[in-house]
Amino acid sequence: MKILLTGAAGFIGMHAAQALLARGDEVYGVDNLNDYYEVSLKEARLQQLAPLPGFHFEHLDIADRVALPEFVRKHSPQRVLHLAAQAGVRYSLKNPNVYIDSNLVGFGNILEACRNTNVEHLVYASSSSVYGANQKQPFSVEDNVDHPVSLYAATKRANELMAYVYAHLYRLPTTGLRFFTVYGPWGRPDMAIFSFTKAILEGCPIDVYNHGDMKRDFTYVDDIVEGVVRVLDKVPAGDPPCKLYNIGNQQPVPLLDFIAALEKCLGKKAQRRLLPMQPGDVPATFADVEDLMRDVGFRPHTPIEEGIRRFTAWYREYYSV
């Protein structure tokens with residue numbers, strides 16, 4: 001198939017592109033290469049993709065109301081995998097405008113481009129952050145998510161509602177995926193495993209929020225990508241043709257156990273700086289993925305110890321540590 005992939009220089013985007021190209025799809029990747037974190041890492045991801053047959057890249061901002069529709073019209077993709085977004089809960093407290101531009105204006109442009117070019121299926125990234133301070137565990141897509149605790153979460157919930165409207169009004173098939181703490185090689189520097197690894201190897205203290213009393217449904221990137229590709233292949237039916245899934249490991253890991261596993265892989269103890277909960281953060285995430293298992297056969301299978309081992313091996317090689 002011919003697939004438009006936004007956020008191609010991103011963490012999940014790079015891995016998704018590799019999987020799609022490996023099975024023979026043609027991938028048209030776009031990314032604005034912003035400086036939210038080191039641009040050199042994004043460029044290095046693109047260097048992994050550039051030699052692969054069927055990969056095409058355009059430096060493009062999805063918030064550009066002229067350039068994006070022109071690009072989509074020119075290449076007429078059959079399906080769209082929309083992963084581009086301004087990520088990060090904490091950063092949304094400091095720089096809200098970039099979230100509005102990328103996650104709201106940009107997503108609106110994607111929906112319009114898909115509608116006007118008869119795209120067969122739009123799969124887009126939502127987030128476990130939409131569950132806010134919900135107490136019921138595990139989180140289900142049937143739960144109320146009308147009380148987000150960060151602007152980032154609010155924009156992702158808005159994306160889900162916007163996608164529903166386009167499915168309802170224009171019969172545009174859409175599927176949203178609520179990602180749960182994705183980690184692995186080539187990950188984002190603002191994620192815990194990345195910042196913890198850097199600090200531990202440099203002998204610096206790590207910030208442990210809520211005094212370590214936190215759990216996360218850490219999900220290895222290869223498992224995530226397998227689920228994403230399976231979803232991309234399954235066009236939703238129904239009235240409207242709209243689906244929403246959690247995509248996670250369904251096995252929350254206590255943060256202190258996660259740190260202990262990381263220490264074991266690095267062969268070095270962390271200096272822990274225990275801090276209170278940060279604004280916009282939540283104490284635990286836990287995905288109910290039964291619907292995704294039933295509908296597309298999604299089965300996460302990478303143990304946390306193995307995922308951490310693969311990440312730390314990549315980190316040492318990439319940064320020559």
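All values reported here derive from a predicted model rather than from experimental measurement. If you read the sequence from its start, that first residue is 1, and numbering goes on from there.
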Original post:
How about Phe57 and Leu49: do any of their side-chain heavy atoms sit closer than 4.5 Å?
Top reply: no
**OP:** Take the angle between the ring planes of Tyr318 and Trp314 and call it parallel below 30°, perpendicular above 60°, tilted in between.
**Re:** parallel
Original post:
Which atom pair, heavy atoms only, marks the closest approach of Val208 to Leu255?
Top reply: CG1-CD2, 3.9 Å
**OP:** Apply the side chain to side chain donor-acceptor pair (under 3.5 Å) test between Glu26 and each candidate in His75, Lys2, His56; give the one that qualifies.
**Re:** His56
Subject >> Gap separating the CD1 atom of Ile206 from the OG atom of Ser195, nearest 0.5 angstrom >> reply: 8.0 Å
Original post:
Where is the tightest heavy-atom contact between Leu41 and Gly187, given as atom of each residue plus distance?
Top reply: CD2-O, 3.5 Å
Subject >> For the student: nearest non-hydrogen atoms of Ser128 and Thr285, plus distance >> reply: OG-CG2, 4.4 Å
Original post:
About how many Å separate SG of Cys204 and CD of Gln271, when rounded to the nearest 0.5 Å?
Top reply: 7.5 Å
Original post:
Can you tell me if NZ on Lys264 sees more than 12 non-hydrogen neighbours from other groups inside 6.0 Å?
Top reply: no
**OP:** Give a yes or no on this: more than 12 heavy atoms of other residues, nucleotides or ligands lie within 6.0 Å of atom CG of Asn144.
**Re:** yes
**OP:** Using the six-membered ring wherever Trp is involved, compare the ring planes of His15 and Phe11 and label them parallel, tilted or perpendicular (cut-offs 30° and 60°).
**Re:** perpendicular
Original post:
Can the ring centres of Tyr315 and Phe194 be said to be less than 6.0 Å apart?
Top reply: yes
Original post:
Are any non-hydrogen side-chain atoms of Ile3 and Gln78 less than 4.5 angstrom apart?
Top reply: no
Original post:
Same hydrophobic cluster for Tyr220 and Phe258, using side-chain heavy-atom links shorter than 4.5 Å among ILVMFWY?
Top reply: yes
**OP:** Apply side chain to side chain donor-acceptor pair (under 3.5 Å) to Asp190 and Tyr36, showing your working.
**Re:** CA-CA 9 Å; Asp190 63 321; Tyr36 169 58; 2.6 Å; yes
Subject >> Residue pair Thr181 / Asp217, side-chain donor-acceptor N/O under 3.5 Å >> reply: no
Original post:
Should Gln86 and Tyr152 count as side-chain neighbours, where that means a heavy-atom distance under 4.5 Å?
Top reply: no
Original post:
Side chain of Asp143, backbone of Ser140: donor and acceptor closer than 3.5 Å?
Top reply: yes
Subject >> Basic-acidic side-chain contact under 4.0 Å: Glu202, Lys268 >> reply: no
**OP:** Go through Glu112 and Tyr166 one step at a time and tell me if the side chain to side chain donor-acceptor pair (under 3.5 Å) criterion holds.
**Re:** CA-CA 9 Å; Glu112 275 292 283; Tyr166 271 70; 2.7 Å; yes
Original post:
Would one find more than 12 heavy atoms of other residues, nucleotides or ligands at under 6.0 Å from atom NE2 of His211?
Top reply: yes
Subject >> Phe139 and Phe180 aromatic ring geometry - parallel, tilted or perpendicular at 30°/60° bounds >> reply: tilted
**OP:** Anything under 30° is parallel, anything over 60° is perpendicular, the rest tilted; go ahead and classify Tyr164 against His168.
**Re:** parallel
Original post:
Does the pair Asp223 and Arg299 meet the rule for a salt bridge (Lys or Arg N to Asp or Glu O under 4.0 Å), with working shown?
Top reply: CA-CA 7 Å; Asp223 295 340; Arg299 288 285 188 279; over 6 Å; no
Original post:
Hey, does the side chain of Gln135 reach the backbone of Ala133 with a donor-acceptor pair shorter than 3.5 angstrom?
Top reply: yes
Original post:
Out of Val231, Val296, Val228, which one pairs with Thr175 under the side-chain contact (heavy atoms from CB on, under 4.5 Å) rule?
Top reply: Val231
**OP:** Before giving the answer on side chain to side chain contact (heavy atoms under 4.5 Å, CB included), spell out for Thr174 and Lys243 the whole-Å C-alpha distance, their side-chain angles and the decisive distance to 0.1 Å.
**Re:** CA-CA 6 Å; Thr174 67; Lys243 282 285 189 179; over 6 Å; no
**OP:** Apply side chain to side chain contact (heavy atoms under 4.5 Å, CB included) to Asn32 and Ile62, showing your working.
**Re:** CA-CA 8 Å; Asn32 69 352; Ile62 59 168; over 6 Å; no
**OP:** Assess whether atom CZ of Arg273 is packed by more than 12 heavy atoms of other residues, nucleotides or ligands within 6.0 Å.
**Re:** yes
Original post:
Would a hydrophobic clustering, with Ile, Leu, Val, Met, Phe, Trp and Tyr connected at side-chain separations under 4.5 Å, put Leu83 with Phe298?
Top reply: yes
**OP:** Could you give me the CA-CA distance, side-chain angles and deciding distance for Asp233 and Arg23, then say whether salt bridge (Lys or Arg N to Asp or Glu O under 4.0 Å) is met?
**Re:** CA-CA 12 Å; Asp233 287 344; Arg23 70 176 197 172; 2.7 Å; yes
**OP:** Would you mind reporting whether Glu58 and Tyr28 have side-chain heavy atoms less than 4.5 Å apart?
**Re:** no
Original post:
What heavy-atom pair brings Val282 and Met214 nearest, and what distance separates the two atoms?
Top reply: O-CE, 3.2 Å
**OP:** To the nearest 0.5 angstrom, please state how far the CD atom of Glu120 sits from the SG atom of Cys114.
**Re:** 11.5 Å
Subject >> salt bridge (Lys or Arg N to Asp or Glu O under 4.0 Å) evaluation trace for Glu290 with Arg294 >> reply: CA-CA 6 Å; Glu290 294 299 324; Arg294 181 195 66 230; over 6 Å; no
Original post:
Same hydrophobic cluster for Val89 and Leu104, using side-chain heavy-atom links shorter than 4.5 Å among ILVMFWY?
Top reply: no
Original post:
Under 4.0 Å between a Lys/Arg side-chain N and an Asp/Glu carboxylate O for Glu226 and Arg230?
Top reply: yes
Original post:
Any side-chain donor-acceptor pair under 3.5 Å between Tyr245 and Asp295?
Top reply: yes
Original post:
So do the side chains of Asn246 and Leu292 get within less than 4.5 Å of each other, counting heavy atoms only?
Top reply: no
**OP:** Compute both the distance and the angle, then confirm whether Arg178 meets the cation-pi test with Tyr131: under 6.0 Å from the six-membered ring centre, within 45 degrees of the axis.
**Re:** yes
**OP:** Mark yes or no for whether Lys74, through its side chain, and Pro69, through its backbone, hold a donor-acceptor pair below 3.5 Å.
**Re:** no
Subject >> Least distance between heavy atoms, Val72 atom then Pro77 atom >> reply: O-CD, 3.5 Å
**OP:** Let me see the working for Asp31 and Leu46 under side chain to side chain contact (heavy atoms under 4.5 Å, CB included), right down to the final yes or no.
**Re:** CA-CA 10 Å; Asp31 201 295; Leu46 288 176; 5.7 Å; no
Original post:
Please walk me through it: do Cys265 and Ile308 pass side chain to side chain contact (heavy atoms under 4.5 Å, CB included)?
Top reply: CA-CA 7 Å; Cys265 282; Ile308 291 175; 3.8 Å; yes
**OP:** Write down the atom of Glu160, the atom of Tyr124, and the distance for their closest heavy-atom approach.
**Re:** CA-OH, 3.3 Å
Original post:
Hey, what do you get for CG (Leu169) to CG (Leu111), rounding to the nearest 0.5 Å?
Top reply: 11.0 Å
Original post:
Can you tell me how far NE2 of His301 sits from CG of Asn249, rounded to the nearest 0.5 angstrom?
Top reply: 10.0 Å
Original post:
Would Leu93 and Leu275 show up in the same hydrophobic cluster when neighbours are defined by side-chain heavy atoms closer than 4.5 Å?
Top reply: no
Original post:
Can you get from Tyr183 to Leu256 by hopping between Ile, Leu, Val, Met, Phe, Trp and Tyr side chains that sit under 4.5 Å apart?
Top reply: yes
**OP:** Might you work through the salt bridge (Lys or Arg N to Asp or Glu O under 4.0 Å) test for Glu306 and Arg310, ending with a clear yes or no?
**Re:** CA-CA 6 Å; Glu306 175 61 18; Arg310 294 179 193 173; 2.8 Å; yes
Subject >> Reported CZ-to-CZ distance for the pair Phe196 and Arg272, which is rounded to 0.5 angstrom >> reply: 9.0 Å
Subject >> Polar contact flag, side-chain donor to acceptor under 3.5 angstrom, Tyr99-Asn103 >> reply: no
